[in-house]
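Working notes, structure below.
Keep in mind that what you see is a predicted model, and the values were worked out from it rather than measured.
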Amino acid sequence: MTTKNDMADKPTMTMKDIAREFGISVATVSRALSNSPRISIEKREAIQRYAREHNFVPNTLAESLRHSKVKPLKIIGVILPEMVHYYFMSILAGIEEEAVKRGYRVMVAQSNEEYEREVRICKSFYENRVCGIIVSQAKDTRDYKHFQQLIDQGLPLVFYDRICTGVDASRVVVDDYMGAYNAVTHLIECGCKRIAFFGSPMSLEISKNRYNGYKDALLKHGMTVDERYMRFCDNRADAEEIAPELLEMDDRPDGFFAVNDDTAIGILYTAKHMGLRVPEDVQICGFTNGDRAKASDPMLTTVEQRGRKVGGQAADILINKVEGLSPKDKVERRIVKTRLVVRGTTREMKNEE
């Protein structure tokens with residue numbers, strides 16, 4: 001069923017196509033679509049009705065440039081789930097750096113983790129004829145039709161960080177599985193016996209990969225996965241509410257692996273507020289390596305995601321498709337390796353049992 005937010009399923013129609021259908025000039029079509037009195041009402045209505053029925057979308061960007069002496073701009077649309085997140089901003093910096101180097105500009109929008117807003121942004125980018133879109137899906141996204149329609153219309157699409165498994169498109173991600181596996185292995189080697197997992201909803205592929213890394217690290221070292229120590233929590237505010245419940249247990253966790261640095265810092269703040277020593281009583285590892293990891297006390301052990309490289313790789317794939325250096329329908333999957341950065345929230349590794 002088609003909704004008001006859906007984009008056309010068919011190839012993009014142009015004024016030239018409409019002109020051919022009616023046997024008139026492109027200029028006449030343009031006048032009719034802009035309600036020019038030079039065209040009869042009957043013809044205007046017929047042309048406008050035909051345009052609506054065939055999902056014609058005016059190229060507003062090209063139209064504005066057509067009457068200027070400025071050459072059309074090469075613009076990449078970028079969708080961020082949120083702009084306050086260090087990792088997403090570092091990815092944006094990498095995208096922009098690669099884009100500028102190759103003569104492109106960047107148009108940025110924030111989905112604010114909302115599906116409906118993400119759909120509207122995709123529609124707006126399409127209407128303004130961006131040359132391609134780089135996107136990390138919103139947490140609320142469950143229906144991927146808007147992404148598939150962009151691909152069907154021939155618009156290059158590249159996912160980063162949160163990939164959409166329901167759409168066969170190019171993507172750039174960090175090695176979430178190995179990042180989590182190495183982080184939890186580090187906690188175990190530092191003497192942790194009961195390691196909690198604070199992660200995002202399992203509807204996101206990165207959450208599944210990081211959980212699997214956590215689980216496999218435990219199993220590899222002869223430990224079991226205890227569901228009492230698992231929570232869906234991916235921000236500082238929630239971590240500060242949830243962590244006391246675990247820290248007050250008789251057999252409380254002596255280690256925490258968090259899906260991002262903000263969550264890890266929420267756990268760190270809570271543990272210290274409750275009178276626990278970090279890392280003597282509780283050890284904590286995050287995932288991002290943003291500025292806050294170095295500003296916390298003690299400084300946070302975390303997994304570095306290398307956002308600039310992720311962004312640069314995503315822009316490289318997209319621009320190669322736009323310029324015909326690689327086929328538009330070729331699906332590329334690039335994985336950026338992570339690095340464990342050891343700081344003050346974990347102790348030195350132990351060899352004893």
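The pair Asp316-Arg102 meets the salt-bridge criterion, since a charged nitrogen lies less than 4.0 angstrom from a carboxylate oxygen. Arg49 has no carboxylate O lying under 4.0 Å from a charged side-chain N of Glu45, or vice versa, which leaves the two without a salt bridge. Classification of Asp251 and Arg194 as a salt-bridged pair fails, no side-chain N sitting under 4.0 Å from a carboxylate O. A salt bridge does not link Asp216 to Lys220: none of the charged nitrogens lies less than 4.0 Å from a carboxylate oxygen. Between Glu332 and Arg334, at least one side-chain nitrogen of the basic residue sits less than 4.0 Å from a carboxylate oxygen of the acidic one, meeting the salt-bridge criterion.
For residues 284-326, the set of pairs meeting the ring-ring contact (aromatic ring centres under 6.0 Å, His included) definition, not counting sequence neighbours, is empty. Residue pairs meeting the ring-ring contact (aromatic ring centres under 6.0 Å, His included) criterion with at least one member in residues 205-229, sequence neighbours excluded, are Phe197-Tyr211, Phe197-Tyr214.
Hydrophobic clustering (side-chain heavy atoms under 4.5 Å, transitive across Ile, Leu, Val, Met, Phe, Trp, Tyr) groups Leu247 together with Leu300. No chain of hydrophobic side-chain contacts below 4.5 Å, direct or via other Ile, Leu, Val, Met, Phe, Trp or Tyr residues, connects Phe257 to Ile284.
Residues Thr302 and Asp261 have side chains that bring a donor and an acceptor to within less than 3.5 angstrom of each other.
When each of Glu189, Gln283, His186 is tested with Thr346 by the rule side-chain hydrogen bond (donor to acceptor under 3.5 Å, both in side chains), just one qualifies, namely His186.
Atom CD of Glu280 and atom CZ of Arg347 lie 7.5 Å apart (nearest 0.5 Å).
Applying the under-4.5 Å side-chain rule to Ile, Leu, Val, Met, Phe, Trp and Tyr, the cluster around Ile206 extends to Leu204.
Within a 6.0 Å sphere centred on CZ of Arg142, heavy atoms belonging to other residues, nucleotides or ligands number more than 12.
Tyr87 places a side-chain heavy atom less than 4.5 Å from the side chain of Asp161.
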(message) Evaluate Gln137 against Arg162 for side chain to side chain donor-acceptor pair (under 3.5 Å), listing each step before the verdict.
(response) CA-CA 6 Å; Gln137 73 174 63; Arg162 302 176 190 164; over 6 Å; no

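Under a 3.5 Å cut-off, the side chain of Glu118 and the backbone N or O of Ala138 do form a donor-acceptor pair.
Remark: Arg210 fails to qualify as a cation-pi partner of Tyr177 under the 6.0 Å distance and 45° angle criteria applied to the six-membered ring.
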